[in-house]
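Keep in mind that the numbers below use all heavy atoms, side chains included, and drop hydrogens, waters and symmetry copies. In listed order, ligands and their atoms are each counted from 1.
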Amino acid sequence: MSGKTNGTSFELTDRASGRSALLPVRNGTIGPAALDIGELHHDLGVFTYDPGFGGTAATESRITYIDGDAGVLLYRGYPIEQLAERSTFMEVAYLLLLGELPSARQLQQFSASIRYHTMINESLLRFFNGFHHNAHPMAMVSAVVGSMSAFYHDTTDIHNPRHREIFSHRIIAKIPTIAAAAHKHSLGQPFIYPRNDLDYAGNLLHMMFAVPCEAYPVDPVASQALDLLFILHADHEQNASTSTVRLAGSTGANPYAAISAGVSALWGPAHGGANEAVLAMLEQIGTVDNIPKYLAMAKDKSSHFRLMGFGHRVYKNFDPRAKIIRAMCHKVLERLGRTDNPLFELALRLEEIALKDEYFVARKLYPNVDFYSGVIYSAIGIPRSMFTVMFAIARSVGWVAHWQEMISDPAMRIGRPRQLYTGPVRRDYVGVEQRG
Ligand code: SDX
């Protein structure tokens, strides 16, 4: 095969057969262009091969842009650093869903709509009785979110924009309530209903930590820290869980079921489950003296140990979110009077030592969003088993934004990748009596 380009298309020629394919180049607003290979199999009889989709643009999107080499993250064009500094999670949710920052009135209306969808059907609460108290909260959240498809199936027409909007608001509003209910179930405590006088993060903290016997004043430091973490986790282009939601949604499946699939995909330790795994890893390392031993394990492929919270498929520089969270740790721990936080100190030393180690430098393995987030979740009282649930609450905004973008695209087709087949060639059936 050989190829040449004129900038708007790429000609690929199979020297053996003399057949050629003209592959158009599709340009985005920023970032790499994409070679449109839609006709490649038709013209040259070959597929492209890219396990893990590391070099494949599966779709066109206007929501989030990442430059992995420069460590840039933009939500609808706005730098994550500016949104983290000046915005709120509700405002960012509006931006990701609708593409523009809201006016004060639009934000007020959007926030009110979310607030008035936070209660869940009482029957949904009864699902929790089917779980043991030691069930992992992500398993409960995935199951109960999926059961929303049973409540909102016949009344959800995915081709009706108003129905799509209600679906989006219900998911964003109800996942915190479901998350808090999962936590309460694991404690054996009564569920706490949402309150309309609290903001999004404060409501979650109240539902998780209040008890019927006494008032629970929401700590503004904790609420503000959680709101900022939600902004940082809200979306991230075509990550594994968002791609799962897109693929499931592309079949026309009930959108609540598609979101449940996203929750399940996020749970993996290679993805959102890493934040929980980082805390377990830091506790396993224990002291700074042990760092060299664990770095050696991380470099030894036979150990199957990885430095959790390090590395990223796209970022080959600092994950900008990790930088913001690391700075946040200092502020939050100070304001909570928890400056003596051994796990944070250990994380800082681990980062410092790893980033001087040739193995990590050569592979451009930097701390990612999950490396420091658990330090803050712990400091504000979130139990480790709920860390990934926090990630799912925030990422529900990205999931519904991408689902909306896909479903409302008239050119949408069912996702159906092909494969490189390396199994047996055709062979005939042999009866068991001849098999020896
Ligand atoms: C998230 O996609 C997103 O956008 C995800 C996310 C989002 O917001 O949605 O950003 C959230 O999922 C962050 C990532 C959280 N996961 C972890 O922290 C788990 C630990 N990191 C990894 O397992 C890994 O880095 C991945 C999964 C994140 C990325 O894996 P890739 O891109 O498939 O890279 P790879 O496994 O091919 O690694 C390349 C090399 C390998 O070594 P060599 O074969 O070249 O010798 O780097 C090594 C890997 O062994 N490597 C690590 C490592 N990560 C990669 N070695 C030790 N420790 C690590 N953490």
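For the ligand labelled ligand 1, residue Leu365 lies inside the 4.0 Å heavy-atom shell. Look at Pro269 and you'll find a heavy atom under 4.0 Å from some atom of ligand 1.
A donor-acceptor contact closer than 3.5 angstrom is absent between the side chains of Ser61 and Glu237. A donor atom on one side chain and an acceptor atom on the other are found under 3.5 Å apart for Ser241 and Asn239. Side chain to side chain, Asp50 and Thr56 meet the donor-acceptor criterion of an N or O pair below 3.5 Å. Remark: the Glu91 side chain and the Thr88 side chain contain no N/O donor-acceptor pair separated by less than 3.5 Å.
The number of heavy-atom neighbours closer than 6.0 Å to NE2 of His330, taken from other residues, nucleotides and ligands shown, is above 12. Environment of CZ in Phe47: crowded, with over 12 heavy atoms of neighbouring residues, nucleotides or ligands closer than 6.0 Å.
Of the heavy atoms in Ile66, none comes closer than 4.0 Å to ligand 1. With a heavy-atom cut-off of 4.0 Å, Arg363 touches ligand 1 through its side chain alone. In Ala240, neither the side chain nor the backbone holds a heavy atom less than 4.0 Å from any atom of ligand 1. Residue contacts with ligand 1 for Lys299 are absent, since no atom lies close enough (heavy atoms, distance under 4.0 Å).
When hydrogens are left out, the protein atom nearest atom 20 (C) of ligand 1 is Phe310 O, 3.4 Å; that is the closest non-hydrogen contact. From the protein, the heavy atom lying nearest to atom 57 (C) of ligand 1 is Ala298 O, 3.6 Å. The protein heavy atom nearest to atom 11 (C) of ligand 1 is His271 ND1, 3.8 Å. Nearest non-hydrogen protein atom to atom 28 (C) of ligand 1 is Gly311 O, 3.7 Å. Of all protein heavy atoms, the one closest to atom 17 (C) of ligand 1 is Ala274 CB, 3.5 Å. The single protein non-hydrogen atom nearest to atom 4 (O) of ligand 1 is His236 ND1, 2.6 Å, given as residue, atom name and distance. Nearest to atom 2 (O) of ligand 1 among the protein's heavy atoms is Asn239 CB, 3.5 Å. Remark: minimum distance from atom 32 (O) of ligand 1 to any protein heavy atom is reached at Arg313 NE, 2.7 Å.
Checked against a 3.5 angstrom limit, the closest N/O atoms of Leu307 and ligand 1 fall inside it. Considering both main-chain and side-chain atoms, His312 comes within under 3.5 Å of ligand 1 through a nitrogen or oxygen pair. On a distance-only criterion, Ala270 and ligand 1 share at least one N/O pair closer than 3.5 Å. In terms of polar-atom proximity, Val369 is not counted as a contact of ligand 1, lacking any N or O under 3.5 Å from an N or O of the ligand. Between Tyr359 and ligand 1, a contact under 3.5 Å exists for at least one N or O pair. Between Gly309 and ligand 1, at least one N/O pair is under 3.5 Å apart.
For ligand 1 and Lys301, the ligand atoms under 4.0 Å from any heavy atom of the residue are 42 (O), 43 (P), 44 (O), 46 (O), 50 (O).
Between Phe191 and His185, the distance from one ring center to the other does not fall under 6.0 angstrom. Within the 6.0 Å centre-distance limit, the rings of His169 and Phe110 are counted as a close aromatic pair. Remark: aromatic rings of Phe167 and Tyr256 are close, center separation under 6.0 Å.
In this structure, Arg306 forms no cation-pi arrangement with Phe310, as its terminal cationic atom is not both closer than 6.0 Å to the ring centre and no more than 45° off the ring axis. In this structure, Arg170 satisfies the cation-pi test against Tyr152, with its NZ or CZ atom closer than 6.0 Å to the six-membered ring centre and inside 45 degrees of the ring normal.
For the pair Tyr421 (side chain) and Pro424 (backbone), a donor-acceptor distance under 3.5 Å is present. At least one donor-acceptor pair closer than 3.5 Å links the side chain of His163 to the backbone N or O of Asp157.
Considering all non-hydrogen atoms of both residues, Phe230 and Ala394 come closest at O-CB, 3.5 Å.
By heavy-atom distance, the residue among Arg321, Lys364, His233 lying nearest atom 8 (O) of ligand 1 is Arg321. Closest to atom 30 (O) of ligand 1 by heavy atom, among Arg306, Arg395, Glu237, is Arg306.
When distances from atom 26 (C) of ligand 1 to the protein are checked, no heavy atom turns up under 4.0 Å. Distance screen at 4.0 Å: atom 39 (C) of ligand 1 has no protein heavy-atom neighbour inside the cut-off.
For the pair Pro176/Tyr200, a side-chain contact is recorded, criterion being any heavy-atom separation below 4.5 Å from C-beta on.
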